[in-house]
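Side-chain atoms are counted along with the backbone in the values below, which use heavy atoms only and exclude waters and symmetry mates. Both counts, for ligands and for their atoms, begin at 1 and track the order of listing.
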Amino acid sequence: MAAAARVQCHNNTSFTGSPLPRRHRNSSTLHASPNRVNFTPLKWIGDGSSSCTRTVSGPPLKGGGTTTVRAAFEEEKKTDAVNEVAEEKRRFTCVMKFGGSSVATAERMREVADLVLTFPEESPVIVLSAMGKTTNNLLLLRRERRLTVKELEIDLSVVSSFLEELEQLLKGIAMMKELTLRTRDYLVSFGECLSTRIFAAYLNKIGVKARQYDAFEIGFITTDDFTNGDILEATYPAVAKRLYDDWMHDPAVPVVTGFLGKGWKTCAVTTLGRGGSDLTATTIGKALGLQEIQVWKDVDGVLTCDPTIYKRATPVPYLTFDEAAELAYFGAQVLHPQSMRPAREGGIPVRVKNSYNPKAPGTIITKTRDMTKTVLTSIVLKRNVTMLDIASTRMLGQVGFLAKVFSIFEDLEISVDVVATSEVSISLTLDPGLIFVPCKQELDHVVEELEKIAVVNLAKGRAIISLIGNVQHSSLILERAFHVLWTKGINVQMISQGASKVNISLIVNDAEAEGCVEALHKSFFESGDLSELLIQPRLGNGSPVRAMQVEN
Ligand SMILES: Nc1ncnc2c1ncn2[C@@H]1O[C@H](COP(=O)(O)OP(=O)(O)O)[C@@H](O)[C@H]1O
Ligand SMILES: N[C@@H](CC(=O)OP(=O)(O)O)C(=O)O
């Protein structure tokens, strides 16, 4: 057992001791390894005093029965040599990220605490998003968080200073009548700063020693692209050093704010783009070289399509990082678009689980997987897309034409999603993104610049349907997809495949998109014929080579 040490907890209540063993899910006491004492949840006494009492049960301690924490830990130190070594050498084993839907209420926080404590063999790092849809509803925050603190019976001082600061900030924004991207990041950061303080205080209350961290204070360094910061390489060693140093000095379960970072030039709070807590978790996974990254959601893993679009979506048991990255980039809200990169670089599997249904196996995301029985993996929809058809006026050669087109987009910092080119024209879609949607003025400016070298047709109200699947069967995927859409009378306006070997993108009208997803899902995942389908690779003369059983 690590030497008992005194640590100033986040809520000004000091705690003496070393990390308490995990609380067992179905018992009112904390169960640890056999030779560790069992704990009942601590009762915090006084206003910041460290005197906590607990009823100690389990292996008899000298002077057993009720004792002070300090005396019990002193006693335990002598009797727990085995654990001392284990404790000292125990490293973090996994990071567990819980999104807003998982920690939306006080009751959900209790459920998540139970979930964390049902893995006694794990030494997790916890990453939390803002509670519920806080990031969207910051203005409702103050009342709700005070309620949460009251329901969890933790000291209001955990959040009171933050709520006062938030109130001042909101008053300032109201007076200034402006909200820069920088101020917006600072404002939304309150969501994660509050949720992590509340959860860490709750863990300490139930006897699990936890320590809250603001990611921007422990080395999450990003670019200064407010609302969309990119994590810089310096983050990895900095975060690893801080978390391991603290653990070696005084072990406690870290509870880290998701979504947040610090701009390397401005030193101001930045955010990692909507859904950025996924990226926080995978960054910590890579920084600490963990065995697994767990991303806890409100769905049974990554599904065959967005369940809010078509409710018969089913879980996808396995994904590669490439498939997951494409899914996320082309609109699957379930994962942050950049979140797979640190996990892929660190070679760390990502497990997507449902915090409302933890028994469901979820989705495991790894570098490679057995694709022999896979035709289509998932259908993803990105809506509110603007499509541009740009036909050269032949003022420039083809190379100059393409370069000029893309230089205009670079100058206006507008990102492009899907591209299809011919010798004298190019069609492309503009990324509606989650934060930046080109406003009318910007679009008019783009068209004005492009019309200097081309004839331009701008079409709004489009949608990108991305078929994420097995590139070995792209002809089958296309044949079946076009058959389905043809029978529905849908005209595909653009198609793109290539750069990403796992994604075929089709552009249709926004108004038709959800019907397309449902029809495609029925054909690929519900008809069952793909699993019996015999795919007969053809020789050059068209004769079948051999029958091959393909299951979905
Ligand atoms: N292919 C998909 N698989 C699973 N969920 C998806 C998919 N596409 C979109 N979603 C949506 O993503 C949501 C989970 O992501 P998110 O809201 O970020 O969860 P959290 O807030 O818990 O991190 C689901 O509730 C679902 O509606
Ligand atoms: N709270 C932030 C960050 C985040 O990742 O949230 P969630 O895990 O609920 O998607 C957001 O809403 O974008």
Mark up the atoms of ligand 1 that fall under 4.0 Å of a heavy atom belonging to [X], in ascending order.
X	value
V302	3 (N)
G100	21 (O)
V299	4 (C), 5 (N), 24 (C), 25 (O)
S101	20 (P), 21 (O), 22 (O)
K97	23 (O)
T308	27 (O)

With atoms numbered from 1 as shown, which atoms in ligand 2 lie under 4.0 angstrom from a non-hydrogen atom of [X]?
X	result
R274	11 (C), 12 (O), 13 (O)
G100	7 (P), 8 (O), 9 (O)
E192	1 (N), 2 (C), 3 (C)
K97	8 (O)

Hey, are the side chains of [X] and [Y] touching, using non-hydrogen atoms and a 4.5 Å cut-off?
X	Y	answer
Q338	D278	no
V418	F330	yes
P254	F92	yes

Original post:
So which of N228, T223, T227, T222 actually passes side-chain hydrogen bond (donor to acceptor under 3.5 Å, both in side chains) with D225?
Top reply: T223

**OP:** Indicate the atoms forming the closest heavy-atom contact of F216 with G261, along with that distance.
**Re:** CB-O, 3.4 Å

**OP:** Check C193 against F162 and note the closest heavy-atom contact, atom names and distance.
**Re:** CB-CE2, 3.5 Å

Subject >> ligand 2 contact on S129 by region, counting heavy-atom pairs under 4.0 Å >> reply: side chain

Original post:
Under 4.0 angstrom from ligand 1, any heavy atom of G301?
Top reply: yes

Original post:
Within less than 4.0 angstrom of ligand 1, does S129 place any heavy atom?
Top reply: no

Checking a contact table here: which protein heavy atom is nearest [atom], and how many Å away?
atom	answer
atom 5 (N) of ligand 1	V334 CB, 3.5 Å
atom 19 (O) of ligand 1	K297 CD, 3.4 Å
atom 1 (N) of ligand 1	L303 O, 3.3 Å

Would you say ligand 2 has an N or O under 3.5 Å from any N or O of [X]?
X	answer
G273	no
D278	no
K297	no

Subject >> Of V125, I218, L279, the residue whose pairing with I284 passes side chain to side chain contact (heavy atoms under 4.5 Å, CB included) >> reply: V125

Original post:
Looking at R110, R108, M109, which one forms a side chain to side chain contact (heavy atoms under 4.5 Å, CB included) with V112?
Top reply: R108

